[in-house]
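In what follows, a single structure is set out as structure tokens and then discussed.
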Amino acid sequence: MLDTLTISTQRTTAPRLPGIDFAQLEFGKTFADHMLVVDYHDGQWQEPRIVPYADMTVSPANSAIHYGQSIFEGMKAYKNQDGEVALFRPLDNFHRFNASARRMCMPELPEEVFMQGLLQLIRLDSGWVPTDPGSALYIRPFMFATDAMLGVRPSESYRFMVITCPVGLYYAKPLRVRFEEHYVRSAEGGAGAAKNAGNYGAAMYPTKLGQQEGYNQLIWTDASEHKYVEESGTMNAIFIIDGRLVTPALSSSILDGITRRSVLQLARDWGMPVEERKVSALEILEAQRNGTLQEAFGVGTAATIATIATIGYQGEDFELPTPPADAFSRRATAALAAIRKGDAPDPHGWMVRV
Ligand code: COI
């Protein structure tokens, strides 16, 4: 990609990188030295700038705080054996970011600002991209309203930013999840397909209740009947039933996950039948009972592929078999890691060099 956009860069005078222990990273707590900032006002995006990572001030009347015009993306950069850094499917994140912006009545970002901002930021902080298996530099692009105004209407000013943090594995062990049949993450026609902050905030209380019962996450069900699987925690849900990959079809209440897309593509590349359709809790439990439920897992940027070991339903726990070495989820995890680390060909052109 051509470096057509010049981004002013103010380097930190107090780099923190030398003091970082990459073996002891808690997800999302350690931030790289720099961040990208681009403001929007008077109907246009202003000059992007890269500055040292630091706190910032906002008005107490900031309308994102009061009314939730706030969206984000999650993506990752990887380092290959030669120390070269590449992003995984960044244009997919860009398009989804602008889809979220449209849903939340926020201005869309020009592709050049998103891509050049990312590339130049990650290049500057490339020393922060870890190399251990399962690790990556997690990248968090986000945009929020900045009007200082309590009237309920779309803000006229916004800030787009990118911050990054080195991360290891998100889940240390297979998950215990349970079907949620009371609370909903999103309804048809809601904003579940957008990556807006409110979706995550509203999920916290029901998730906390599930965690108090000993589950790691919930499997969200549809808002009208509580019968059909929506998502699993902050991830898309995938089941392997009798050699077929079965996953809820996308809708206005389900996020179009980029890891989901990639895993479905791998399954199709490997000649596996892929069914994107409604999948009910009862179908999953019946498959578990009759032994055809081979695997269940969540897929998302943070966790990549998270195995589900136990599914709770109406007070009963159903155990899933431990996936064998040739299980689909294990092969897909290895295949994605190899593409990302440059150890395997990238037939779909998913990696973008920084
Ligand atoms: C992701 O895995 O893509 C997520 O959005 C999870 C994040 C909220 C930590």
Side-chain angles (χ1 to χ4, degrees), residues 25-32 64 68 70-78 87-101 103-104 114 118 130 134-144 161-175 177 185-186 190-208 210-211 215-220 230-238 247-248 250 253-265 296-308 329 332-333 336-337 340 350:
L25 294 170
E26 192 178 334
F27 184 91
K29 279 206 164 166
T30 304
F31 296 97
S70 179
I71 59 172
F72 69 94
E73 272 302 320
M75 51 197 297
K76 281 179 174 171
Y78 300 86
L87 301 170
F88 183 71
R89 307 190 72 167
L91 278 171
D92 293 54
N93 291 95
F94 165 70
H95 291 299
R96 190 173 66 183
F97 189 73
N98 274 348
S100 298
R103 179 63 182 82
M104 299 302 289
F114 188 91
L118 268 181
S135 68
L137 187 72
Y138 184 78
I139 303 168
R140 173 54 64 91
F142 58 109
M143 189 207 314
F144 59 98
M161 301 182 71
V162 182
I163 56 176
T164 69
C165 41
V167 296
L169 289 175
Y170 194 76
Y171 290 115
K173 26 183 219 186
L175 303 179
V177 301
R185 176 186 168 275
S186 173
K195 217 161 163 61
N196 65 299
N199 288 343
Y200 295 78
M204 286 179 189
Y205 177 66
T207 304
K208 186 180 89 172
Q211 287 169 348
Y215 299 99
N216 303 102
Q217 281 293 352
L218 303 172
I219 299 189
W220 300 103
E230 292 266 301
E231 294 190 10
S232 175
T234 59
M235 301 177 285
N236 295 110
I238 296 186
T247 190
L250 296 177
S253 62
I254 295 182
L255 188 81
D256 180 359
I258 292 158
T259 312
R260 175 187 182 278
R261 271 185 218 173
S262 310
V263 168
L264 266 52
Q265 184 64 56
F297 47 93
V299 293
T301 298
T304 307
I305 295 182
T307 304
I308 293 174
S329 58
T333 303
L336 281 176
R340 287 164 164 168
W350 286 341

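This structure is a prediction, so every number in the text was calculated from the model and none was measured. As the structure lists them, so they are numbered: ligands from 1, and atoms in each ligand from 1.
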Atom-level proximity to ligand 1, residues with heavy atom under 4.0 Å =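 The 4.0 Å shell around ligand 1 contains F27, Y138, R140, Y170, K195, Y200, T234, G300, T301, A302.
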With a 4.5 Å heavy-atom cut-off, do [X] and [Y] have their side chains touching?
{"X": "V177", "Y": "Y215", "value": "no"}
{"X": "Y200", "Y": "T207", "value": "no"}
{"X": "I71", "Y": "K195", "value": "no"}
{"X": "L336", "Y": "W350", "value": "yes"}
{"X": "F114", "Y": "V162", "value": "no"}

Tell me which donor-acceptor pairs under 3.5 Å the side chains of residues 91-98 have, and how far apart each pair is, sequence neighbours excluded?
residue: D92; atom: OD2; partner: R89; partner atom: NE; Å: 3.4
residue: D92; atom: OD2; partner: R89; partner atom: NH2; Å: 3.1
residue: D92; atom: OD2; partner: R261; partner atom: NH1; Å: 2.5
residue: N93; atom: ND2; partner: E73; partner atom: OE1; Å: 2.7
residue: N93; atom: ND2; partner: G74; partner atom: O; Å: 3.1
residue: R96; atom: NE; partner: E73; partner atom: OE1; Å: 3.3
residue: R96; atom: NE; partner: E73; partner atom: OE2; Å: 2.9
residue: R96; atom: NH1; partner: D256; partner atom: O; Å: 3.1
residue: R96; atom: NH2; partner: E73; partner atom: OE1; Å: 2.7
residue: N98; atom: OD1; partner: L109; partner atom: N; Å: 2.8
residue: N98; atom: ND2; partner: L109; partner atom: O; Å: 3.0

